[in-house]
Every structure is written in C-alpha cells, then in structure tokens.
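Since the structure is predicted, the reported quantities are computational estimates derived from the model, not experimental observations. In each ligand, atom 1 is the first atom listed, and ligand 1 is the first ligand listed.
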Amino acid sequence: MSTRRDELAANLAAVHDRIGAAAAAAGRSASGVELVVVTKYFPASDIDLLVDLGVRHIGENKDQEARAKVDEIARREAVTVHFIGQLQSNKVAHVAAYADVVQSVDRAKIVRALDRAAERVGRRLDVLVQVALDGEAGRGGAVPDDVPAVADLVGESAHLDLRGVMAVAPREGEPRAAFARLREVADGIRDAHPDATWVSAGMSGDLEDAVAEGATHLRVGTAILGTRPSLG
Ligand SMILES: *Cc1c(COP(=O)(O)O)cnc(C)c1O
C-alpha cells in the first residue's frame, strides 16, 4: 500500500531530478539551488514527513495558518521557515516570531515594522525584497526601480539581514524572460550589498526557467504535495 510518505518521497525525488537536469543544462551545480517546499494548506504532519525525508526549508504564505502550524512541527529546529506571502503591517509582529526568512518584503513601511518586531522578539531575520515583474502592484512586490531603496533600508535595519530578491513570474509572458529581468535587478543591488546573493524564483511549473536564469532558491508546492485542497 502506498502511504503519504511514499508519495512525498517519490514527488521529492522527481523534483530533485528536474533540478539536477536543469542545473546540468545551465552548467551549474545542483548544490547551488536550494529547494523550499511550500506547505501552505497542508498539515504539519506533512511537514514532519518531509523533514524525515531530508527537507530543511519550508515556505508558508498565510500568517494565520502558518502561525499555528509552525508550532506543531516536531523537529522545528531542523527546518528553516520562509514566509512568502503578502505582508501587512499588522501581521508583521507574528511573522517575526516564527519565520526565519521573510521573502516578501516590498515597501519601507513593512521594513520598519519588521525590524521593530524582530527587535521585540529578540531575533534576527533574513530578508528578501520581493520584486513585481509585471508592474502590477496588486500581487505584491516593489517595481524594479524601487527595489534599491527598499534594499538599502533593509541593509540599514539593525535586526534584518538583506539576502537578496524574490519574485513570482507574471501570469502573462515567458517566465524565462521575467527571471532574466529578476537577475538584472538582483545584480543591480549587489554593488551596494555584496551579501545579497539569493535569488528566489521558480515554482512547480517554471523551476527549469528559474534555474536557467540563476535562481538560488526555488519555491515548490504542488509538484511535491499535490494539488492544494480548496478552501471550501
Ligand atoms: C504557493 C506559492 C508557491 C508554490 O507554487 P506551486 O505552483 O504550488 O509550486 C511559490 N511561491 C509563492 C509566493 C506561493 O504563494
């Protein structure tokens, strides 16, 4: 009988095969590509199975769900929790308490609130600036012209460490072209911030394009956990 563990193991292996092939095609080492498994809508029991299977990075995008779930992870110390969802100032205090990496920072107000919240809970947070590649502010992200200023503000924040940039490919157009643009944005802040080396891009459907354009972190949900349960 096939168990949930077997299913997750097989899906993980398939995703690692895809990453390996994409890295080889790009002349990169697969060890330079970190897999963040996006566990939103799935229970903490799945995270426990994934940790057993060697997963060390998980991503969550809804504060209310993530807050409760992260507490239930059996080996919490074994995983790095990435917050990848849209941030509002009133959620930031919670996120600072359980996230290790916040990938979706996109404006000055959020930077200041997150820095204050991190100080209050006595933690340092790794931060990525989310870039809007479609010029649509609605889905979150700073437009490319605004990214350097947001990055500088993160860099000046006492309790935040700027690690790089993150983006979601626009609904329209070629993901590869969008990820090429993201790479330019990432290169653009590195003079001022040499440690900002992470580029988080690529999901279940477009991870090959992201690897081809230099992504260091992939955020993969569906290809590993299956289709997300509907919210009813
Ligand atoms: C849900 C989500 C993902 C994962 O998407 P899949 O297509 O399920 O792999 C990646 N990034 C963000 C920001 C997400 O919200």
Side-chain angles (χ1 to χ4, degrees), residues 7-8 10-19 22 33-44 46-47 50 53 55-67 69-70 79-88 91-92 95 98-107 110 114 125-134 136-142 147 163-176 178-179 181-182 185-186 198-213 215-231:
E7 185 186 350
L8 292 174
N11 291 346
L12 255 183
V15 166
H16 280 298
D17 284 350
R18 286 175 61 191
I19 295 170
V33 183
E34 195 75 73
L35 175 63
V36 179
V37 180
V38 178
T39 47
K40 64 191 184 197
Y41 300 175
F42 288 94
D46 278 349
I47 300 177
L50 289 164
L53 292 166
V55 169
R56 291 296 175 264
H57 295 265
I58 62 144
E60 286 286 336
N61 85 331
K62 293 205 163 37
D63 168 55
Q64 222 178 338
E65 176 193 350
R67 220 189 294 166
K69 208 196 290 185
V70 167
V79 276
T80 300
V81 174
H82 297 245
F83 188 81
I84 62 173
Q86 282 194 35
L87 280 167
Q88 284 125 30
K91 300 283 168 73
V92 155
V95 172
Y98 64 74
D100 303 300
V101 183
V102 182
Q103 295 204 1
S104 43
V105 170
D106 61 359
R107 55 196 190 275
I110 294 294
L114 194 62
L125 303 174
D126 284 327
V127 165
L128 302 184
V129 177
Q130 184 176 350
V131 184
L133 293 173
D134 52 5
E136 268 179 49
R139 290 174 77 204
V147 169
R163 303 312 305 258
V165 296
M166 175 274 235
V168 178
R171 284 182 226 277
E172 306 288 324
E174 282 296 315
R176 174 110 190 225
F179 295 144
R181 179 82 182 97
L182 179 64
V185 175
W198 299 4
V199 179
S200 171
M203 321 199 305
S204 294
D206 56 22
L207 68 86
E208 285 83 1
D209 290 315
V211 171
E213 293 299 339
T216 63
H217 291 68
L218 307 174
R219 308 177 309 272
V220 179
T222 312
I224 293 166
L225 288 132
T227 306
R228 283 183 277 279
S230 85
L231 287 179

S.K.: When you compare the side chain of Leu35 with that of Ile224, does any pair of heavy atoms fall below 4.5 Å?
M.R.: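 Yes, close enough: below the 4.5 Å cut-off.
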S.K.: When you measure from atom 5 (O) of ligand 1 to each heavy atom in Gln86, Met203, His82, which option holds the nearest one?
M.R.: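 Looking at heavy atoms only, Met203 sits closest to atom 5 (O) of ligand 1.
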S.K.: How about Glu60 and Thr39: does a side-chain donor come under 3.5 Å of a side-chain acceptor?
M.R.: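 There is such a pair (donor and acceptor under 3.5 Å, judged by atom type) between the side chains of Glu60 and Thr39.
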S.K.: Examine Gly221 against ligand 1 and note whether any of their N/O atoms are separated by less than 3.5 Å.
M.R.: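 Among all N and O atoms of Gly221, at least one is under 3.5 Å from an N or O of ligand 1.
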S.K.: Please list, in number order, the atoms of ligand 1 under 4.0 Å from a heavy atom of Arg219.
M.R.: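 Those qualifying, in numeric order: 4 (C), 9 (O), 10 (C), 11 (N), 12 (C), 13 (C).
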S.K.: Considering the options Leu50, Ile47, Val38, which one meets the side-chain contact (heavy atoms from CB on, under 4.5 Å) requirement together with Leu225?
M.R.: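 Among the candidates, only Leu50 passes.
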S.K.: Would you mind checking which non-hydrogen protein atom is closest to atom 13 (C) of ligand 1, with the distance to 0.1 Å?
M.R.: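 For atom 13 (C) of ligand 1, the nearest protein heavy atom comes out as Ile84 O, 3.6 Å.
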S.K.: Do Tyr98 and Asp63 pair up side chain to side chain, a donor and an acceptor below 3.5 Å, judged on atom types alone?
M.R.: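 Yes, Asp63 and Tyr98 have a side-chain donor paired with an acceptor closer than 3.5 Å.
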S.K.: Can you sort out the partners of Glu174 under salt bridge (charged side-chain N to carboxylate O under 4.0 Å, His left out), two or more places apart, ordered by chain and number?
M.R.: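 Partners of Glu174 by the salt bridge (charged side-chain N to carboxylate O under 4.0 Å, His left out) criterion come out as none, since no residue qualifies.
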S.K.: Taking only residues two or more places apart in sequence or in another chain, which ones pass side chain to side chain contact (heavy atoms under 4.5 Å, CB included) with Glu7?
M.R.: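 Glu7: side chain to side chain contact (heavy atoms under 4.5 Å, CB included) contacts with Arg4, Asn11.
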S.K.: Identify which of Ala169, Ser204, Gly85 has a heavy atom lying nearest to atom 6 (P) of ligand 1.
M.R.: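 Selected option, by shortest heavy-atom distance: Ser204.
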S.K.: Using heavy-atom distances, let me know which of Lys40, Gln130, Glu60, Met166 sits nearest atom 14 (C) of ligand 1.
M.R.: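 Nearest option to atom 14 (C) of ligand 1, by heavy atoms: Lys40.
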S.K.: Applying a 4.0 Å heavy-atom criterion (strictly less than), which segment of Asn61 is in contact with ligand 1: side chain, backbone, both, or neither?
M.R.: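 It is the side chain that touches ligand 1; the backbone stays farther off.
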S.K.: What is the closest protein heavy atom to atom 8 (O) of ligand 1, and at what distance does it sit?
M.R.: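 Protein heavy atom with the smallest distance to atom 8 (O) of ligand 1: Thr222 OG1, 2.5 Å.
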S.K.: Using a strict 4.0 Å cut-off to heavy atoms of Val220, name the atoms of ligand 1 that fall inside it.
M.R.: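 Heavy-atom distances to Val220 below 4.0 Å select 9 (O).
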S.K.: Hey, is Gln103 touching ligand 1 through its side chain, its backbone, both or neither, going by heavy atoms under 4.0 Å?
M.R.: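 Neither part.
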S.K.: Can you tell me which residue among Val37, Asn61, Val168 is in a side-chain contact (heavy atoms from CB on, under 4.5 Å) with Arg219?
M.R.: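 So, applying the side-chain contact (heavy atoms from CB on, under 4.5 Å) to Arg219 and each of Val37, Asn61, Val168, only Val168 qualifies.
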